[in-house]
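Only one structure is covered here, and it is reproduced in the block below.
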Amino acid sequence: MQEKPRATFKRMEQSTQQDWACILPEAMAMAKALPDRVLAHLQLLDGDHGGFPVDRLTHSLQTATLAHQDGRDEEYVVCALLHDIGDTLGSFNHPDIAAAILKPFVSEANLWMVQHHGIFQGYNFFHHIGLDRNMRDLFKDHPHRDRAAEFVERYDNPAFDPAMEALPLSFFEPMVRRLMAAPKQSVYKAALPGAPQSA
């Protein structure tokens, strides 16, 4: 099997358009496979209870199921599905990991909701671990405060129920793939195939 062409520069400033002609097709293939990697990483939460009543994947599926059954749109449901995907890598900032993954694909309101859901969920348990349960009040005047509070109350908070039937990951997979098919905002968006080129 013939090896694919590779760039030859040693410093980024030495790169040429010919180098990037080697890199961009690889970058596009990597981007196209993002949903595969996200779904595979989500599956790492299967069986990881961490002391909770259900494992982290079940919690994610229950949260997304509740949002779907409540008539939320696909973007919101995927946010619900992925809100805790950062648990394995972001032990001290898991909402930031989920937000970073979702940022190119979701609205500002949904991004803020995911990024801050940990503090809003904290109202339900921070007082048990020596933290201020009213930490969410720091955001009392934020325009997306109610959205985050509602997400926790309706979907995240009740999704620790061993008796609750959740939809399988396969049900949500097409939603993840559709959402991540193309970024809504990204510094790299203009470099995507088919994007208008600047003069």
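When reading the values below, keep in mind they use all heavy atoms of this one structure, side chains included, and skip hydrogens, waters and symmetry mates.
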TODO: Test His144 against Asn110 for side-chain contact (heavy atoms from CB on, under 4.5 Å), laying out the working first.
DONE: CA-CA 8 Å; His144 303 313; Asn110 283 336; over 6 Å; no
- [ ] Give a yes or no on this: more than 12 heavy atoms of other residues, nucleotides or ligands lie within 6.0 Å of atom CD of Glu13.
- [x] yes
TODO: In sequence, state the C-alpha distance, the side-chain angles, and the governing distance for Glu74 and Val77, and then conclude on side-chain contact (heavy atoms from CB on, under 4.5 Å).
DONE: CA-CA 5 Å; Glu74 280 195 4; Val77 171; 5.6 Å; no
- [ ] Report yes if the distance between the aromatic ring centroids of Phe52 and His59 is under 6.0 Å, otherwise no.
- [x] no
Open item on the list: Can you confirm whether Glu153 is buried at CD, in the sense that more than 12 heavy atoms of other residues, nucleotides or ligands lie under 6.0 Å from that atom?
Closed with: no
Task: Mutual orientation of the aromatic rings belonging to Phe9 and Trp20 [parallel < 30°, tilted 30-60°, perpendicular > 60°] - done: parallel
Open item on the list: Can you classify the ring geometry of Trp112 versus His142 as parallel (below 30°), tilted (30 to 60°) or perpendicular (above 60°)?
Closed with: parallel
TODO: Tell me who clusters with Val187, hydrophobic residues only, linked when side chains sit under 4.5 Å apart either directly or through other members.
DONE: Tyr188
Task: Partners meeting side chain to side chain contact (heavy atoms under 4.5 Å, CB included) with Phe125 (sequence neighbours left out) - done: Gln121, His128, Ile129
- [ ] Quick one: list whatever passes side-chain hydrogen bond (donor to acceptor under 3.5 Å, both in side chains) with Arg56, sequence neighbours left out.
- [x] Asp48, Asp87
Task: CD/Glu165: more than 12 non-hydrogen atoms of other groups inside 6.0 Å - done: no
TODO: Indicate the atoms forming the closest heavy-atom contact of Phe120 with Val152, along with that distance.
DONE: CB-CG2, 3.8 Å
TODO: Could you tell me which residues satisfy side-chain hydrogen bond (donor to acceptor under 3.5 Å, both in side chains) with Asn134, sequence neighbours excluded, listed by chain and number?
DONE: none
Task: Verdict with reasoning, Val54 to Met164, per side-chain contact (heavy atoms from CB on, under 4.5 Å) - done: CA-CA 10 Å; Val54 298; Met164 184 192 301; over 6 Å; no
Task: Enclosure of Lys184 NZ (heavy-atom neighbours >12, cutoff 6.0 Å) - done: yes
Task: Which residues share a side chain to side chain contact (heavy atoms under 4.5 Å, CB included) with Pro143, sequence neighbours left out - done: none
Task: ring pair (Phe, Tyr, Trp, His ring centres under 6.0 Å) partners of Phe151, counting only residues at least two apart - done: His83
